Amino acid sequence: MNTTGIHHVTAISGGPQRNLDFYIGVLGLRMVKKTVNFDDPGTYHLYYGDGGGNPGSIMTFFPWANAPKGTQGTGQLTAASFSIPERSLDFWTARLAENGASFDEPETRFGNTVLPFADPDGMRLELVADSEDTREAWEDGTVPPENAVRGFHDVTLSVANPERTAEVMTKRLGFREAATENGRARYEAGDGGSGNSVDVVEGSSDSAGRMGVGTVHHVAFRVPDYETQESLREEIAALGFDVTPVLDRNYFRSIYFREPGGVLFEIATDPPGFTDDEPLDELGTNLKLPPWLESRRDRIESSLPHLDVPTKENV
Ligand code: ZN
């Protein structure tokens, strides 16, 4: 009973328009779902991902225009890395520069070239040139398919005590240590490689992260079915972790617990997926609400800001 890789990453951003202009207009991701924060339906919850809305490609945001800025640091997921074709590095360096994104010199990590950059809220992201990623590109994004992001490559967790975090990941969540380099340990689940890799680094205890705009709220690991999630929930609870009941997130079911390093972990099911309430070719085009909010649709729609979604025709 194991997780098989990354399902999604959820972060907090400033206002929604600037956020989607960057993730759709610059990074070329697809709007996979446009919905609201189920606990605060006057604000959006935006899901970006690949053309199919596949787990392992999904980056979601709570865009809170007036929330305080956070600090990235120890006890958090401190970098989300996206996979790009190896030949596309020059394309991406030019694209980030043209769009005024801040980026650093490329570095080499576990044999891949890594281009660190930041989103408009200063959140750290990376592009990893991975010639072995066989996932399909989205044909209709703002980035030509030959250069398009394929989904996540990996995520980096910064924790005060990497051994304790690694122990939960390897003993309970199905990760195995794949490599270490320069104080960074890479763990892989499922088939390994792009979308299934998590790096753990030791963060300093005097640079603790603080939740807010520009920080990651949680990372979700995927399980193939509800039964696996139930078994994992029992195992995690038996270890003494405070794990939530199973919550219905409409597109997946979720449980959450905080790992020993302070990062909020979610375990999310692959089913039912993002095509559960709109067809594949319409993903992200309609405001979708869970059944229990439908009766309030008029009020919710009128309180949400209008969004202009970039397309390959209009960027
Ligand atoms: Zn989540």
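Throughout, numbering of the chain's residues begins at 1 and tracks the sequence. First listed ligand is number 1; within each ligand, the first listed atom is number 1. Bear in mind the structure is a predicted one, so any value in this text is a computation, not a measurement.
Looking only at atom types and distance, the side chain of Ser197 has no donor-acceptor partner in the side chain of His153 under 3.5 Å away. Remark: the Thr60 side chain and the Thr10 side chain contain an N/O donor-acceptor pair separated by less than 3.5 Å. Donor-acceptor pairing under 3.5 Å is lacking for the side chains of Thr93 and Asp90.
With respect to the Zn ion (ligand 1), Glu266 has OE1 as its nearest N, O or S atom.
Inclusion of His217 in the first shell of the Zn ion (ligand 1) is not supported: no N, O or S atom falls under 2.8 Å. Residue contact annotation: His7 places no N/O/S atom under 2.8 Å from the Zn ion (ligand 1).
Between the side chain of Asp121 and the main chain of Gly14, a donor-acceptor pair closer than 3.5 Å is present.
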